[in-house]
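Computed from heavy atoms alone, side chains included, the values below leave out hydrogens, waters and symmetry copies. Numbered from 1 within each chain, the chains take letters A, B, ... in sequence-line order.
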There are 2 protein chains.
Amino acid sequence: MSSIREVARRSGVSVATVSRVFNAPEVVSQRTRQLVLATAAEVGYLPNESARTLATKKSHMVGLVWDTDHRRPGWRHPFFQDILVALKSALSAHGLHLLMLAPDQTPGLDDRQRFLRAVQRHSVDGVVIIDNGSRDPAVLALVDAAVPCVALDLRFTGPTCTHITSDNAGGGRLAATHLIERGHRHLATITGPPPTLPAAERLAGFRDALTEAGLPLADDDVVAGDFYLDSGYAAMQRLLARDPRPTAVFAAGDEMAVGAMKAIHEAGLRIPADIAVVGFDDIEVAALIPPGLTTVTQDKTGFGTAAAEAVMTMLHGAATPPAPTTLPTTLVVRGST
Amino acid sequence: MSSIREVARRSGVSVATVSRVFNAPEVVSQRTRQLVLATAAEVGYLPNESARTLATKKSHMVGLVWDTDHRRPGWRHPFFQDILVALKSALSAHGLHLLMLAPDQTPGLDDRQRFLRAVQRHSVDGVVIIDNGSRDPAVLALVDAAVPCVALDLRFTGPTCTHITSDNAGGGRLAATHLIERGHRHLATITGPPPTLPAAERLAGFRDALTEAGLPLADDDVVAGDFYLDSGYAAMQRLLARDPRPTAVFAAGDEMAVGAMKAIHEAGLRIPADIAVVGFDDIEVAALIPPGLTTVTQDKTGFGTAAAEAVMTMLHGAATPPAPTTLPTTLVVRGST
DNA sequence: CGCGTTGATGTAACCGGTTACATCCGGCTC
DNA sequence: GAGCCGGATGTAACCGGTTACATCAACGCG
């Protein structure tokens, strides 16, 4: 691994000149530049990122803070993979690397400091936060410390922070109007965990559309789940016990919708003849499970690319963080309605 | 961001002593150690990883090489997320970070060098390779360069390399014996793309079990897919045209199995009454799609933790890489058989 | 008492880059 | 011809750690 001094020596110039060839080629003369490039290629020189980071305090790495909630180890939003793919390739295109941070392990350390310290130790340029909605103090510490960060599916804001979310309310509204158009008058919904924002927003949109259509939404027709399959199953069982029974249900997440469908089938009812179902997310299963789940699509790739762009504008020294992005949601109609 | 010299000055010791407090606490006296730790906490000192890496040439980062095949952008094995979760948490537990490497973007660079250069620039300690089986020369270059690496689902070997695979042959065998036990005598299979190793191994195991049972496997009862859903659908259509029709089919991947099930349903046949189906992988859909897909489970978490362990033993300076690991496969019986 | 040993600490070189500032030189203007 | 300008390059300090080696005091021992 030859160093910059080696290249300088071999080509008979100073280290500063070699450095310039790679960082500001325009200021060095044509001849010298080519000479240096030739010897660099010859000896297989490549700049050492650590040294570079040490000197410039820019690491060209974006930190990924993810899965911070120990109570739910291995949290996996079904989107995660799609988002990650998009994020990674958008960053790669700009020469940025993605560092999945392990929280700082120092014993006896205040938990809130763990991510912040990992970020600072590595001189990470910016941070992307994918969290399950819990307002983890370790994550909040990042905001306070003025680290440029962009949060996904989470309404973080701050002088150095922005966020990307789906149009959850719009999606809830889409679901409601679709069901109303199909002639349903008695709707119910399975929401996400109440404290989380996506859950609240989807419900609000859904409710608004009903109100506008002059339809009621009884308290008993709103049941909370936790976004996972089993909770959808359980919630649906409660809804099936209602009298009169709702003729359509909107589940604020596809996993819960699938659970609900299972409960409906087990009760000997047909979808959509007896009960129509609309989900939210459009995960892979939605298209595969018969009769096909009508659902509100989130733009997973959009999350990734928008996050990458937001990070990059912040890195390029924008005085204020870019405005939050709201990604449009659309309805995909399948057999369940 | 206070530096080590700041801490040294404030506590009236030399920088070497401060460094020792963090790297070799046992050699510094109890009193000094506590003094230094106190001032460090007071001024919020944290060691700069870049400086440290520069000096020691160990970065405490493991590189992740993934999705190297441009012809299939966003390659996503359904396991990826599970593996990644396990890998990341196993590494985190040992204070290692995971760097998702972007290939070196230098224009005019030999493609084979792109990953190797990214690895070397960042002084990454080791590399985990998750690839789709194509023997990408950019990945092979890592092996040649003696970077410690562990490949997943890929039989890479070398003086500094090891790999983790599932017991594919055993899994194929499991599928076959299960179907035979269920009374089937005319079996067919949808394989993965022939050049890939998992495809070949699963087929071999399947075939062996048939041979041992004295059952034939006609060439026309072996159809190749590409591990994705549509190929399973198309392959199944060809199998349905056979006369006599096979009564059971083993798809070497769940996505293909789901595609096959779709083709079977569309042909007006019932599963498992008319045709039984066994898959491989045990992805989420397998349990959700009616009547439930019997499938061979791979140990996704095992991939992640085994990879982490292999990397760590190599980092701890083992002379030879750990022996390749083969993860056991098991059969999960559901409604499709 | 002199000497080797051991434990705690300090000194300073080194890792491999970046960059502010200085220097040099040829060409232009007046 | 003096003075100025600007482009190309060199010098050297600096980023923040690690570590080989030196130093020194205290101790045990013959």
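Residues of residues 4-15 of chain A having a heavy atom closer than 4.0 Å to DNA chain C, listed by number: A:Ile4, A:Arg5. Residues of residues 20-33 of chain B having a heavy atom closer than 4.0 Å to DNA chain D, listed by number: B:Arg20, B:Asn23.
In this structure, B:Asp104 contributes its side chain and B:Ala118 its backbone to no donor-acceptor pair below 3.5 Å.
Checked against side-chain hydrogen bond (donor to acceptor under 3.5 Å, both in side chains), A:Glu6 has the following partners two or more places apart in sequence or in another chain: A:Arg9, A:Arg10.
Distance check, rounded to the nearest 0.5 Å: CG of A:Asp153 to CZ of A:Phe303 gives 4.5 Å.
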Between the protein and nucleotides 23-27 of chain D, are there any N/O to N/O pairs under 3.5 Å, and if so, what are the atom names and distances?
none

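At its two ends the helix from C:dC1-D:dG30 to C:dC30-D:dG1 runs along axes set 50° apart, each axis drawn from five pairs and the angle rounded to 10°.
Residue A:Ser19 is classed as a base contact, given a heavy-atom separation below 4.0 Å to a base.
Protein chain A touches strand DNA chain C; the 5'-most and 3'-most nucleotides with an atom under 4.0 angstrom of its non-hydrogen atoms are C:dG16 to C:dA20.
Residue-environment remark: CZ (A:Arg112) stays at or below the threshold of 12 foreign heavy atoms within 6.0 Å.
No option in B:Val150, B:Ile164, B:Thr162 other than B:Ile164 meets the side chain to side chain contact (heavy atoms under 4.5 Å, CB included) test with B:Thr325. Each of B:Pro25, B:Ser11, B:Ser19 was scored for a side chain to side chain contact (heavy atoms under 4.5 Å, CB included) with B:Val36, with one residue passing: B:Ser11.
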